[in-house]
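Numbered from 1 within each chain, the chains take letters A, B, ... in sequence-line order. The shown structure was predicted, so the numbers you read here are calculated from the model rather than taken from an experiment.
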Number of protein chains: 2
Amino acid sequence: MTHSEENYLKAIFHLSRQGTGTISTNAIAEQMDTKPSSVTDMLKRLSDKDLVNYKKYQGVSLTETGRYSALAIIRKHRLWEVFLVEKLDFTWDEVHEIAEQLEHINSEKLIDRLDTLLGHPKFDPHGDPIPGKNGEFKERDKELLSKMPVGGKGVCVGVKDSSATFLKFLDKNQIALGQQIEVLDKEEFDNSMHIRIGGEQLLVSHQIASNLYLKPSEES
Amino acid sequence: MTHSEENYLKAIFHLSRQGTGTISTNAIAEQMDTKPSSVTDMLKRLSDKDLVNYKKYQGVSLTETGRYSALAIIRKHRLWEVFLVEKLDFTWDEVHEIAEQLEHINSEKLIDRLDTLLGHPKFDPHGDPIPGKNGEFKERDKELLSKMPVGGKGVCVGVKDSSATFLKFLDKNQIALGQQIEVLDKEEFDNSMHIRIGGEQLLVSHQIASNLYLKPSEES
DNA sequence: ACAAATTTTTAGAATCACCTAAAAATAACC
DNA sequence: GGTTATTTTTAGGTGATTCTAAAAATTTGT
Ligand SMILES: [Mn+2]
Ligand SMILES: [Mn+2]
Ligand SMILES: [Mn+2]
Ligand SMILES: [Mn+2]
């Protein structure tokens with residue numbers, strides 16, 4: 001499989017996990033920052049290789065083998081991200097770009113050994129789950145901060161937007177994975193939220209709240 | 001720079017360090033297992049980018065920037081090989097193939113950090129010197145075993161052929177880098193050599209002797 | 001239901017990296 | 001020095017991946 005094919009599979013996988021159902025040509029083009037016509041070309045090729053189910057004008061979905069391949073690439077991507085943070089002291093905003101390259105390295109043994117070196121991590125530096133060697137994958141139980149009710153509590157377990165800009169913003173405001181967050185109040189006006197985090201109080205915009213995932217604490 | 005361009009630069013660099021002078025199209029084609037016509041194509045492209053000095057029919061050589069680029073790739077290749085052996089327990093016969101992929105990963109910070117993690121190694125698992133960050137490079141002082149006189153001694157410091165087949169053969173016969181070797185006798189008939197290595201005596205063929213590098217001990 | 005807007009596909013072209021077959025230049029030999 | 005052999009380049013073509021522009025299909029709105 002070529003780098004390009006791998007990138008398309010990954011994009012289709014990620015899109016499948018957002019909106020339900022079949023994926024549109026335009027959605028892929030946008031996600032990958034290419035033209036729809038290029039996407040159509042590639043979908044034909046992927047379909048020929050039985051990696052996607054594709055019928056003209058009907059949208060596309062991954063086949064079993066396509067899904068398996070996508071998960072293998074995501075596994076590599078996320079393990080490399082962990083490696084970069086844990087072993088090479090990169091920050092979580094720096095690793096994605098490099099992992100985009102490393103995910104295409106082809107060696108089963110390499111990725112097995114890396115997994116072992118890292119102690120079989122279950123999540124990457126952004127809180128995303130790392131697929132298993134045999135394609136096991138389940139999303140973790142999480143909720144957007146923006147969807148939490150006033151009075152709700154939880155632990156910060158992930159980010160939706162993992163752009164460097166957003167991650168650096170979180171660093172600056174001392175918001176990190178593993179921290180306890182409580183919703184104190186919501187502003188009707190702009191949907192911004194007053195939260196308690198690490199003893200401090202903070203007002204976060206709706207933009208921010210809708211890009212932070214919490215694992216909600218059990219309500220009594 | 002594309003992967004292919006990088007591979008060509010590397011090939012030209014390696015050829016320059018063997019026979020002296022300018023490099024022929026055919027030599028590159030053979031080294032890279034492609035056709036001479038493909039090489040000509042690429043030489044034009046590399047020349048356009050000022051990475052090589054190329055005039056039709058006159059052979060080719062690296063420019064200053066071409067040489068610098070080649071060294072950067074070789075540095076990456078060899079650092080990754082060290083990483084694979086030191087951190088992921090690969091054997092020296094397994095690492096080259098994977099490093100062929102990893103050498104194309106593009107991140108200065110990554111390679112700096114890797115260098116630090118590994119303790120700034122000077123040599124790769126095959127005894128080849130690792131170029132410095134700023135293009136410093138000097139070959140180590142070494143001599144082929146086959147060129148050593150009877151009675152000569154030295155430490156095994158490298159291999160010329162670093163194919164998996166040869167390396168596994170060396171493992172099987174307990175020949176490893178760092179070992180003391182003494183030439184006991186040469187057979188006129190087939191140029192095979194009786195050597196002492198690690199207390200044992202061994203008869204090695206000319207083929208083998210001409211692929212093992214020693215650092216000759218000071219003769220008195 | 002039909003026109004307009006949007007999405008998607010086709011057609012045609014460019015670039016990269018490779019190939020084969022043929023032509024041209026250079027080197028080797030007598 | 002002229003013929004042969006070898007090396008190297010050109011010419012032309014293929015597949016992969018992208019693009020733009022135009023055509024076709026689908027969806028939306030009235
Ligand atoms: Mn990432
Ligand atoms: Mn991630
Ligand atoms: Mn190598
Ligand atoms: Mn090596």
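- Residues from residues 12-20 of chain B with heavy atoms under 4.0 angstrom of DNA chain C: there are none.
- Taking 4.0 angstrom as the limit, Asn26(A) places a side-chain polar atom (N or O) nearer than this to OP1 or OP2 of dT8(C).
- Across all strands, Ser4(A) comes closer than 4.0 Å only to sugar-phosphate atoms, never to a base (heavy-atom distances).
- Summary of the strand contacts: Asp33(B) and Leu43(A) both lie near DNA chain C, and taking for each the nucleotide with the nearest heavy atom, the more 5' one is attributed to Leu43(A).
- Taking the ring axis of Phe123(B) as reference, the NZ or CZ atom of Arg140(B) stays within 45° of it and closer than 6.0 Å to the ring centre.
- At the heavy-atom level, Thr40(B) lies under 4.0 Å from base atoms of the strands shown.
- The listed nucleotides are dT9(C), dC19(C), dT10(D); the one nearest the side chain of Tyr54(A) is dT9(C).
- When the nucleotides dT8(D), dA17(C), dT10(D) are ranked by their closest atom to the side chain of Thr2(B), dA17(C) comes out on top.
- Across all their heavy atoms, Asn134(A) and Tyr68(A) have their closest contact at O-CE1, 3.6 Å.
- Counting non-hydrogen atoms under 4.0 angstrom, Ser37(B) reaches a base of the nucleic acid.
- Here the side chain of Met42(A) is nearest to one of dC18(C), dT17(D), dC19(D), namely dT17(D).
- Regarding contacts with the backbone of dT10(D), every side-chain N or O of Tyr57(B) stays at 4.0 angstrom or more from both OP1 and OP2.
- Here dT10(C) is the nucleotide among dT8(C), dT10(C), dC19(D) with the atom lying nearest to any side-chain atom of Lys56(A).
- Taking only side-chain nitrogens and oxygens, Ser38(A) comes nearer than 4.0 Å to OP1 or OP2 of dC19(D).
- In this entry the distance linking CG of Asp48(B) with P of dT15(C) reads 12 Å, nearest Å.
- Ranking dT9(C), dA17(C), dT20(D) by closeness to the Thr25(A) side chain, first place goes to dT9(C).
- Atom CG in Asp41(A) sits roughly 15 Å away from atom P in dA13(C) (whole-Å rounding).
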